[in-house]
Undergrad: 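Questions regarding the structure given below will be posed in turn.
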Amino acid sequence: MKLSRAYIPTQKETPSDAVIPSHRLMIRGGFIKPLAAGIYTILPIGWKVVKKVIEIIRQEMDKIGAQELHMPAINPIEIWDESGRNKSFGDEMFRLKDRKGRGLVLAPTHEEIICDLARKYIKSYKDMPQMWYQIQTKFRDEPRPRSGVMRTRQFTMKDSYSLDCDPEGMRKSYELHAEAYRNIFKRCGIKFHVVGASSGLMGGSASQEFMMETENGEDVLVLCDNCGYSSNMEVAASKFQEKTNSGKYNSLTEIHTPGKRTIQEVSEFLSINPWELIKSILYISEKNEPFIALVRGDHDVNEEKLAKIVGAEIRPAHPDEVKEVCGAETGFVGPVKTAKKVRIIADNALENGKNFIAGANENDYHLGGIDVSRDIGFASFGDIRNVVSGDLCINCGSKLRVTHAVELGHIFQLGTKYAKTMKAFFLDSSGKENPVYMGSYGIGVERLVASIIEQNHDDKGIVWEPFLTPYHVHVMPINMSVNEIANMAEKIYNMFIENSIETIMDDREVSPGFKFKDADLLGMPIQIVIGKKWLNDGKIELKIRKTGETFEVKEEELLLKVNSILFNKA
RNA sequence: CGGGGCGUAGCGCAGCCCGGUCAGCGCGCAUGCUUCGGGAGCAUGAGGUCGAGAGUUCAAAUCUCUCCGCCCCGACCA
């Protein structure tokens with residue numbers, strides 16, 4: 001491709017709304033163009049990269065025996081009512097009506113359709129195992145699209161589904177996927193962690209996420225660099241650090257704390273450590289039952305864990321509900337003497353603790369000297385807090401590290417949840433009817449591309465690996481108006497093309513600096529410069545984008561050199 | 001959905017506070033000449049319903065209201 005004819009709209013200025021590097025570089029390099037919030041056109045060189053990533057995915061999926069199919073992106077809403085997820089997806093699902101008024105949805109994922117296929121065609125244990133996948137556009141009306149192509153409302157997903165007769169079969173399919181995913185991310189040059197995760201809206205038993213560590217990630221990870229324990233913060237476990245309370249308040253005492261609401265304000269006001277306080281938060285379950293969650297002052301409530309213990313969806317209470325249940329405004333809420341009797345769930349770190357301070361359920365007052373077993377002995381205990389940096393690993397006792405990451409892939413063992421509600425049954429070898437065991441597995445394609453850039457760039461631009469780059473070689477004739485240069489560039493360009501090396505040539509009549517900057521921004525692995533050195537010494541300059549290394553090469557050696565750099569060919 | 005910010009030429013922005021030579025700057029774009037090793041110089045030129053609507057006023061990019069869009073921070077997911 002010649003740049004003079006290519007649609008690669010690079011720009012010098014960083015768009016003001018792009019914050020993370022991959023977003024900035026994809027916009028500046030002409031890889032993507034925004035159309036609306038969370039909706040992007042993928043421009044030609046962006047699409048070239050996407051296609052290469054998809055090919056890697058396809059190869060690895062085929063390798064584990066999965067079969068590619070293509071399901072409709074537009075679904076009748078009834079099938080989503082049947083699984084109950086029309087409701088649970090809520091506003092996140094795009095809904096529309098056809099001309100007759102029939103309800104349709106733009107599919108955010110495809111478990112329902114797979115289940116429908118399964119119940120129609122899987123009749124016998126002999127029909128399984130099956131693994132089906134597709135690479136397809138998904139639609140999710142995200143509450144907050146973000147960070148360019150990292151989180152969008154329309155995106156490409158590789159989603160696959162396994163169907164098995166029993167749990168062992170399902171685990172086998174799950175392991176095959178885990179293996180394929182490791183290969184895919186390795187081949188994309190991603191450094192990743194596989195972590196235990198929450199199943200969220202998908203439901204089911206086990207699930208793991210493939211995460212790339214980056215400060216710009218939306219997820220929080222807990223890692224043990226010693227034994228390799230890794231988990232999403234949503235479900236991470238840890239041993240908490242034991243703390244000793246000063247005993248400044250060692251019997252039940254009301255303390256006047258005017259206007260001091262937060263842990264920080266109260267601990268500073270009373271000159272005590274944050275961990276001597278009990279953080280009390282009122283939640284309301286979906287069954288409209290209020291309850292108070294208690295964690296130590298230096299900890300945070302983990303709502304995922306809490307919801308699991310409660311066995312229902314939960315939400316923080318509104319201010320008026322707090323007033324009604326506890327008798328005081330937020331900031332002065334505590335477990336002792338609430339206005340209404342209320343269930344209390346406390347974190348393990350509080351069990352048997354003494355001399356704590358909490359809100360007194362009276363505005364501008366806290367209560368000191370709380371003995372947990374004496375004063376709130378009716379509470380139940382559990383792990384309901386987030387791991388904090390410095391907590392210890394439950395396996396090996398080393399210090400845990402808390403870090404940010406992007407979720408690139410997620411694999412689920414769904415079990416029989418969908419099969420049962422949607423009646424996907426088969427006959428086993430004894431003629432008995434059983435529900436199908438499902439697994440579901442996803443990779444966000446554009447997000448993967450953005451992550452690759454996130455991990456492979458410098459201050460000048462993107463740095464592509466040879467197997468993902470839109471073009472292998474970027475040829476730069478320094479001055480198109482000098483015939484010897486233009487002709488040589490043309491000759492080299494044609495030679496590369498004939499030898500299956502993907503080449504882009506900057507044949508524009510622009511200044512050299514302009515070409516160098518664009519080449520660095522676009523990030524092809526090899527830059528070929530034809531300029532003064534060619535005119536004076538008959539040498540062609542070859543520069544490796546990643547290292548900045550340069551070579552002066554004779555024309556007849558060029559192809560060999562390029563091949564060896566790109567593909568390690570001798 | 002809460003909190004914060006923004007919307008003026010393709011991109012980045014100034015102007016708004018204090019209504020009235022405020023329709024402006026840089027980059028980009030077009031044409032010509034000169035240039036040609038890290039986003040060249042000179043000259044000429046095209047390009048804007050100032051997000052939309054309503055209101056206040058002799059007069060609105062500027063003040064008021066409503067709506068729309070976009071971004072960032074929090075509750076969800078590949």
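Below, chain A is the first sequence line, B the second, and so on; all start at residue 1.
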Undergrad: Expressed as a whole number of Å, how far does the C1' atom of B/A14 sit from that of B/G74?
TA: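 It works out to 33 Å between them.
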Undergrad: Heavy atoms only, 4.0 Å cut-off, all strands: where does A/Asp219 land among base, sugar-phosphate and nothing?
TA: base
Undergrad: Judged by atom type as modelled, is there a donor-acceptor pair below 3.5 Å linking the side chain of A/Lys52 to the main-chain atoms of A/Trp47?
TA: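 Between the backbone of A/Trp47 and the side chain of A/Lys52 there is no qualifying donor-acceptor contact (under 3.5 Å).
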Undergrad: Is a donor on one side and an acceptor on the other found under 3.5 Å between the side chain of A/Gln130 and the backbone of A/Gln67?
TA: no
Undergrad: Within the structure shown, what part of the strands sits under 4.0 Å from A/Leu448 by heavy-atom distance: base, sugar-phosphate, or nothing?
TA: nothing
Undergrad: In the strands shown, is B/C18 matched to any nucleotide by a Watson-Crick or G-U wobble pair with both distances under 3.5 Å, and which?
TA: none
Undergrad: Write down the partner of B/A40 under the Watson-Crick or G-U wobble criteria, each distance required to be under 3.5 Å.
TA: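 Across any shown strand, B/A40 pairs with B/U34.
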Undergrad: Treat primed atoms plus P, OP1 and OP2 as sugar-phosphate and everything else as base, then score nucleotides 35-41 of chain B 5' to 3': B for base contact with protein heavy atoms under 4.0 Å, S for sugar-phosphate contact only, - for none.
TA: -BBBBS-
Undergrad: Mapping A/Arg153 and A/Val445 to their closest nucleotides on RNA chain B, which lands nearer the 5' end?
TA: A/Arg153
Undergrad: For B/C18 and B/U62, measure between their P atoms and round to the nearest Å.
TA: 14 Å
Undergrad: Take atom P in B/C58 and the same atom in B/G19, then report the distance between them in whole Å.
TA: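 To the nearest whole Å, 15 Å.
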Undergrad: Just checking A/Thr550: base, sugar-phosphate only, or nothing, at a heavy-atom cut-off of under 4.0 Å?
TA: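 No contact.
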Undergrad: Please name the nucleotide paired to B/G55 by Watson-Crick or G-U wobble geometry with both distances under 3.5 Å, or report none.
TA: B/C63
Undergrad: Distance check, C1' atoms only: B/A9 and B/G15, in whole angstrom units.
TA: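 Nearest-Å result for B/A9 against B/G15 at atom C1': 15 Å.
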Undergrad: Are side-chain N/O atoms of A/Asp300 and A/Asn386 paired as donor and acceptor at under 3.5 Å?
TA: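 A/Asn386 and A/Asp300 do not have a side-chain donor-acceptor pair below 3.5 Å.
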Undergrad: Name the residue from A/Asp347, A/Asn302, A/Asp298 that meets the side chain to side chain donor-acceptor pair (under 3.5 Å) definition with A/Arg385.
TA: A/Asp347
Undergrad: Paired with B/C25 by Watson-Crick or G-U wobble geometry, both distances under 3.5 Å: which nucleotide is it?
TA: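 Looking at the geometry, B/C25 pairs with B/G12.
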Undergrad: Measuring from the side chain of A/Arg144 (C-beta onward, heavy atoms only), which nucleotide among B/G26, B/C71, B/C72 has the closest atom?
TA: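 For the A/Arg144 side chain, the nearest candidate turns out to be B/C72.
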Undergrad: Got more than 12 heavy atoms from elsewhere within 6.0 Å of NZ, A/Lys546?
TA: no
Undergrad: When the distance from CZ of A/Arg146 to C1' of B/A75 is rounded to whole Å, what number comes out?
TA: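 The distance from CZ of A/Arg146 to C1' of B/A75 comes to 10 Å, rounded to the nearest Å.
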Undergrad: State whether the distance check finds a donor on one side and an acceptor on the other, under 3.5 Å, for side chain A/Arg151 versus base B/C77.
TA: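 Yes, a donor-acceptor pair under 3.5 Å.
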Undergrad: Which nucleotide sits closest to the side chain of A/Glu13: B/C11, B/C72, B/C76?
TA: B/C11
Undergrad: Anything under 30° is parallel, anything over 60° is perpendicular, the rest tilted; go ahead and classify A/Tyr181 against A/Tyr441.
TA: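 Perpendicular, since the angle between the ring planes exceeds 60°.
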Undergrad: Classify the angle between the aromatic ring planes of A/His410 and A/Phe412 as parallel (below 30°), tilted (30 to 60°) or perpendicular (above 60°).
TA: parallel
Undergrad: If you measure from the C1' atom in B/G51 to the same atom in B/A40, how many Å do you get, rounded?
TA: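 To the nearest whole Å, 37 Å.
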Undergrad: Counting primed atoms plus P, OP1 and OP2 as sugar-phosphate and everything else as base, spell out the protein contacts along nucleotides 5-10 of chain B at 4.0 Å heavy-atom distance: B, S or - for each nucleotide, 5' to 3'.
TA: ------
Undergrad: Where the side chain of A/Arg153 meets the backbone of A/Pro145, is there a donor-acceptor pair that is under 3.5 Å apart?
TA: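 Checking the backbone N and O of A/Pro145 against the side chain of A/Arg153, no donor-acceptor pair under 3.5 Å is found.
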Undergrad: Judged by each residue's nearest nucleotide on RNA chain B, which is more toward the 5′ side, A/Pro15 or A/Gly444?
TA: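 That would be A/Pro15.
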Undergrad: Rounding to an integer number of angstrom, what distance separates B/U35 and B/C72 when you compare their C1' atoms?
TA: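 These two C1' atoms come out 44 Å apart once rounded.
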Undergrad: What's A/Glu446 touching, base or sugar-phosphate or nothing? Going by heavy atoms closer than 4.0 Å.
TA: nothing
Undergrad: Going by purine N1 to pyrimidine N3 plus the second Watson-Crick contact, or the G-U wobble pair, all under 3.5 Å, which nucleotide sits opposite B/G69?
TA: B/C6
Undergrad: Quick check for you: among B/G74, B/C70, B/A78, whose closest atom lies nearest to any side-chain atom of A/Ala36?
TA: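 Of B/G74, B/C70, B/A78, B/C70 is nearest to the side chain of A/Ala36.
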Undergrad: Can you tell me, in whole Å, how much space there is between the C1' of B/G24 and that of B/G48?
TA: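 Those two atoms are separated by 11 Å.
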Undergrad: Between A/Lys491 and A/Glu555, does any NZ, NE, NH1 or NH2 come within less than 4.0 Å of an OD or OE carboxylate oxygen?
TA: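 Here A/Glu555 pairs with A/Lys491 in a salt bridge, since their nearest N and O are under 4.0 Å apart.
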Undergrad: Is it true that A/Arg508 and A/Asp506 have a side-chain N and a carboxylate O under 4.0 angstrom from each other?
TA: yes
Undergrad: Write down the distance separating the P atoms in B/C63 and B/U21, rounded off to the nearest Å.
TA: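 Those two atoms are separated by 16 Å.
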Undergrad: Taking the basic N atoms (NZ, or NE/NH1/NH2) and the acidic carboxylate oxygens, is any pair closer than 4.0 Å for A/Lys460 and A/Asp518?
TA: no
Undergrad: Is a donor-acceptor contact shorter than 3.5 angstrom present between the side chain of A/Asp91 and the base of B/C1?
TA: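 By the distance-only test, no, there is no pair.
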